[in-house]
Amino acid sequence: WAHCLSKGEHLIMPKRKLTDSWLQSAKPEPGKMQTRYFDTIERRLLCVVGAGGSRTFQAVHYIAGKPKMITLGRFPALALAAARKRASEF
């Protein structure tokens with residue numbers, strides 16, 4: 001599940017336990033405009049961290065065996081606990 005979801009790419013994306021304190025200071029990987037960090041607590045949840053400071057929660061939902069990314073909201077307007085709960089519903 002922690003793969004890049006673009007047309008056949010299979011690059012492993014970083015996984016970590018997302019926490020409020022980490023999200024406050026999260027940055028993309030060096031040299032990248034954005035990085036998708038998959039949560040180790042709720043496997044369907046990830047946070048897209050942008051170079052401009054945006055942190056957007058997404059959930060991976062499978063339809064007919066194909067992964068679809070669903071945007072849940074931005075941190076901190078959407079709390080981490082609420083994002084985990086919403087992601088678990090898919």
Side-chain angles (χ1 to χ4, degrees):
W1 55 268
H3 297 287
C4 182
L5 303 176
S6 304
K7 297 188 178 188
E9 290 183 44
H10 295 288
L11 302 173
I12 300 295
M13 296 289 111
K15 293 183 272 187
R16 64 172 298 120
K17 180 181 176 184
L18 300 180
T19 64
D20 289 321
S21 60
W22 181 82
L23 287 165
Q24 291 289 341
S25 61
K27 296 189 181 344
E29 291 183 323
K32 295 189 179 181
M33 291 302 293
Q34 70 177 21
T35 301
R36 291 177 172 162
Y37 292 96
F38 284 81
D39 188 26
T40 58
I41 302 297
E42 172 49 62
R43 67 182 188 91
R44 295 175 204 95
L45 179 67
L46 63 126
C47 185
V48 181
V49 178
S54 66
R55 295 158 310 241
T56 305
F57 290 118
Q58 293 183 334
V60 180
H61 179 61
Y62 289 87
I63 299 174
K66 296 186 180 187
K68 302 291 180 191
M69 304 306 290
I70 299 167
T71 299
L72 303 175
R74 287 191 172 205
F75 179 84
L78 179 62
L80 175 57
R84 280 189 177 127
K85 183 176 186 316
R86 288 183 63 191
S88 72
E89 296 169 355
F90 288 101

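All values below come from the heavy atoms of this structure, side chains included, with hydrogens, waters and symmetry mates left out.
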Measure the shortest side-chain to side-chain distance between [X] and [Y] over non-hydrogen atoms and say whether it is less than 4.5 angstrom.
| X | Y | answer |
| --- | --- | --- |
| R36 | Q58 | yes |
| R74 | S54 | yes |
| C47 | T56 | no |

Please table the atom pairs, donor to acceptor, closer than 3.5 Å between any side-chain atom in residues 82-90 and protein atoms at least two apart or in another chain.
unit_1 : atom_1 : unit_2 : atom_2 : d
R84    : NE     : D39    : OD2    : 2.7
R84    : NH2    : L18    : O      : 2.7
R84    : NH2    : D39    : OD1    : 3.2
R84    : NH2    : D39    : OD2    : 3.3
K85    : NZ     : E89    : OE2    : 3.2
R86    : NH1    : L72    : O      : 2.9
S88    : OG     : K85    : O      : 2.6

Any chance you could lay out the side-chain contact (heavy atoms from CB on, under 4.5 Å) test for K68 and V60, step after step, and finish with the verdict? CA-CA 6 Å; K68 302 291 180 191; V60 180; over 6 Å; no
Applying the 4.5 Å side-chain criterion to the ILVMFWY set and letting contacts propagate, would I41 and L45 be lumped into a single cluster? no
Give me the atom names and distance for the closest heavy-atom approach of F38 to R43. CD2-O, 4.4 Å
All ring-ring contact (aromatic ring centres under 6.0 Å, His included) counterparts of Y37, not counting sequence neighbours: W22
Residue pairs fulfilling salt bridge (charged side-chain N to carboxylate O under 4.0 Å, His left out) with at least one residue in residues 19-34, sequence neighbours excluded: E29-K32
Decide side-chain contact (heavy atoms from CB on, under 4.5 Å) for F57 and V48; before the verdict, give the C-alpha distance in whole Å, the side-chain angles of both, and the deciding distance to 0.1 Å. CA-CA 6 Å; F57 290 118; V48 181; over 6 Å; no
Tell me whether R55 contacts the main-chain N or O of L23 through its side chain, where contact means a donor paired with an acceptor under 3.5 Å. yes
